[in-house]
Colleague: 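Got a structure for you, questions after.
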2 protein chains.
Amino acid sequence: MTVDREQVLRTAAALLSRRATATMDEVARAAGIGRATLHRHFAGRDALVRALEQLGIAECEAAVAVARLDEGSAEDALRRLVAGFEPVAGLLSFLVTENQLFEDGELNEGWARLDARISALFRRGQERGEFRIDLTPAWLTEALYGLVGTCAWCAQDGRVAAKDFQYMITELLLGGARRSVEP
Amino acid sequence: MTVDREQVLRTAAALLSRRATATMDEVARAAGIGRATLHRHFAGRDALVRALEQLGIAECEAAVAVARLDEGSAEDALRRLVAGFEPVAGLLSFLVTENQLFEDGELNEGWARLDARISALFRRGQERGEFRIDLTPAWLTEALYGLVGTCAWCAQDGRVAAKDFQYMITELLLGGARRSVEP
DNA sequence: TACTTATGAGACACACATGTCTCATTCCGA
DNA sequence: TCGGAATGAGACATGTGTGTCTCATAAGTA
């Protein structure tokens with residue numbers, strides 16, 4: 001009888017990732033509950049979005065933790081990170097767009113933590129001599145988010161193959177489009 | 001007395017690029033005209049957005065034309081293209097987001113033309129041996145859009161330096177983050 | 001079984017953006 | 001100077017999403 005909050009959040013994430021303008025009613029129906037019940041668990045749309053934000057941050061931080069960003073080469077760590085981001089990509093792009101829309105300025109501290117972790121990875125790669133130093137860690141971090149979001153959206157629309165998610169992002173981010181060697 | 005439609009569109013583009021949820025009233029005020037007048041020139045919000053879409057496409061196609069994508073090396077052509085995209089970046093990211101939001105499916109044929117042109121550039125680069133062939137032209141094209149949008153948004157928020165717009169995008173897109181050579 | 005609790009369905013008011021209309025005013029051209 | 005045209009301001013109706021409330025019902029518990 002009691003609503004599974006986690007399951008509701010995941011359903012909402014899946015729906016809103018596809019259609020950011022979905023109604024509270026649609027969210028409720030998608031989760032198989034009534035609109036009133038949805039309101040009992042999340043005071044309003046803002047509260048729902050903020051809960052999704054917490055979920056997104058938590059999943060990203062989990063991905064960061066699993067990726068062990070400070071072990072081994074920075075390149076391998078980045079590959080692990082992108083792999084961990086794949087399941088969250090849709091939610092991530094939704095939240096990024098949502099943040100752009102409502103410029104409250106008050107970006108969650110969770111994002112700041114995440115940015116710091118990922119920036120640190122790129123910085124580590126620079127210090128190890130793996131990554132070039134003329135592109136700032138901040139830009140590389142944002143570029144990673146951008147590519148993840150773009151790829152998620154493209155894959156959803158079928159413009160690119162979803163199975164190549166990790167490959168496309170890591171290869172482009174690490175090596176770029178230029179052909180560097182051979183024949 | 002007569003309203004300068006072009007100027008209204010540019011003002012709207014500037015405003016909506018920053019705040020995609022801006023009201024018709026806000027758009028009118030920003031353009032220095034009354035809401036009624038705005039409605040006289042653009043039947044509704046949809047019409048306004050579609051007009052902005054036309055403007056964005058036109059400017060992008062102009063940038064494509066100026067960049068002479070089929071002249072010289074593909075790499076240089078891409079640099080010219082990114083340079084031409086810089087002034088349109090804000091509008092471009094707004095339109096991309098707008099398209100994501102309302103999945104009418106009916107994407108303007110103008111975008112298809114643009115995609116085709118840019119994809120052709122990447123394909124030409126592959127055929128010339130400049131670009132790697134394991135990343136599809138379609139993905140490279142979308143990645144370009146994504147990076148342009150991400151960079152525009154970051155620059156607006158001051159997270160990266162706006163003056164490095166072209167450099168950050170072209171260097172990342174062409175060479176990637178990996179350090180390939182020297183000491 | 002009886003009681004408590006959570007839920008679903010629906011009604012309701014509210015806020016807000018939108019679109020339309022009117023009317024006085026201003027601008028431009030004849 | 002005069003008259004037509006465009007504009008600005010505001011009023012008005014509308015649609016829609018939202019938030020709150022009530023009440024009957026189902027689920028879980030003692």
Side-chain angles (χ1 to χ4, degrees), chain A residues 1-56 91 94-95 97-106, chain B residues 1-56 91 93-106:
Chain A
M1 181 185 196
T2 301
V3 162
D4 181 355
R5 180 188 163 99
E6 186 75 7
Q7 182 265 338
V8 171
L9 270 181
R10 297 199 177 278
T11 307
L15 174 59
L16 291 174
S17 295
R18 276 181 291 116
R19 295 201 309 117
T21 57
T23 298
M24 289 292 278
D25 189 72
E26 292 177 289
V27 172
R29 300 295 165 173
I33 64 177
R35 195 164 67 94
T37 305
L38 181 60
H39 271 86
R40 284 187 192 104
H41 287 265
F42 304 97
R45 192 187 180 80
D46 286 356
L48 177 63
V49 171
R50 234 166 310 172
L52 284 175
E53 200 170 26
Q54 295 304 324
L55 177 66
L91 178 57
F94 162 71
L95 293 175
T97 302
E98 198 74 5
N99 274 342
Q100 282 184 263
L101 255 50
F102 307 110
E103 30 53 281
D104 354 18
E106 43 131 338
Chain B
M1 181 187 199
T2 300
V3 161
D4 181 354
R5 179 186 163 102
E6 187 77 6
Q7 181 266 337
V8 171
L9 269 182
R10 296 198 178 279
T11 307
L15 174 59
L16 291 174
S17 295
R18 275 180 292 116
R19 295 201 308 116
T21 57
T23 299
M24 289 293 277
D25 188 71
E26 293 178 287
V27 172
R29 301 293 166 174
I33 63 177
R35 196 164 67 95
T37 305
L38 181 60
H39 270 87
R40 283 186 193 103
H41 287 265
F42 304 96
R45 192 188 179 81
D46 286 355
L48 177 63
V49 171
R50 234 165 311 171
L52 283 175
E53 199 171 27
Q54 295 304 324
L55 177 65
L91 178 57
S93 70
F94 162 71
L95 293 174
V96 167
T97 302
E98 198 73 5
N99 274 343
Q100 284 183 261
L101 254 49
F102 308 111
E103 31 51 281
D104 354 18
E106 43 130 337

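Below, read A as the first sequence line, B as the second, and so on, with proteins coming before strands; counting in each chain starts at 1.
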Colleague: Can a side chain N or O of T37(A) be found less than 4.0 Å away from OP1 or OP2 on dG8(C)?
Modeller: yes

Colleague: Rounding to a whole Å, what distance do you find between R45(A):CZ and dC16(C):C1'?
Modeller: 15 Å

Colleague: Taking only N and O in the side chain of R29(B), is any of them less than 4.0 Å away from OP1 or OP2 of dA9(D)?
Modeller: yes

Colleague: Output the rounded distance in Å from CD (E26(A)) to P (dT16(D)).
Modeller: 13 Å

Colleague: Would you mind classifying the nucleic acid contact of R40(B) as base, sugar-phosphate or nothing, using non-hydrogen atoms under 4.0 angstrom?
Modeller: base

Colleague: What are the two closest heavy atoms between M24(B) and G44(B), and how far apart are they?
Modeller: CE-C, 3.8 Å

Colleague: Let me know, please, whether A36(A) or T23(A) comes out on the 5' side of the other along DNA chain D by nearest nucleotide.
Modeller: T23(A)

Colleague: Between I33(B) (CD1) and dC27(C) (P), how many Å, whole number?
Modeller: 16 Å

Colleague: Among dG8(D), dG8(C), dT18(C), find the nucleotide with the atom closest to the side chain of M24(B).
Modeller: dT18(C)

Colleague: Look at H39(A) and dC21(D) and indicate whether a side-chain polar atom (N or O) is within less than 4.0 Å of OP1 or OP2.
Modeller: no

Colleague: Nearest-Å distance, CG (D25(A)) to P (dG19(D))?
Modeller: 13 Å

Colleague: Could you tell me how far apart L48(B) (CG) and dT18(C) (C1') are, to the nearest whole angstrom?
Modeller: 13 Å

Colleague: Identify which one of T11(B), I33(B), L48(B) satisfies the side-chain contact (heavy atoms from CB on, under 4.5 Å) criterion when paired with V27(B).
Modeller: L48(B)

Colleague: Looking only at heavy atoms, which two atoms of V49(A) and L95(A) are closest? And how far apart?
Modeller: O-CD2, 4.4 Å

Colleague: Rounded to whole angstroms, how far apart are CG on D4(B) and P on dA6(D)?
Modeller: 16 Å

Colleague: Does H41(A) make a side-chain N or O approach to OP1 or OP2 of dA6(C) shorter than 4.0 Å?
Modeller: no

Colleague: So, under a plain 3.5 Å distance rule, would you say the side chain of R35(A) forms a donor-acceptor pair with the base of dG19(D)?
Modeller: yes

Colleague: Could you report the tightest heavy-atom contact between F94(A) and L52(A), atom names first, then the distance?
Modeller: CE2-CD1, 4.0 Å

Colleague: Shortest non-hydrogen contact from F42(B) to A51(B)?
Modeller: CE2-CB, 3.7 Å

Colleague: Take the protein atom CG of L38(B) and the nucleotide atom P of dG10(D), then report the distance between them rounded to whole Å.
Modeller: 17 Å

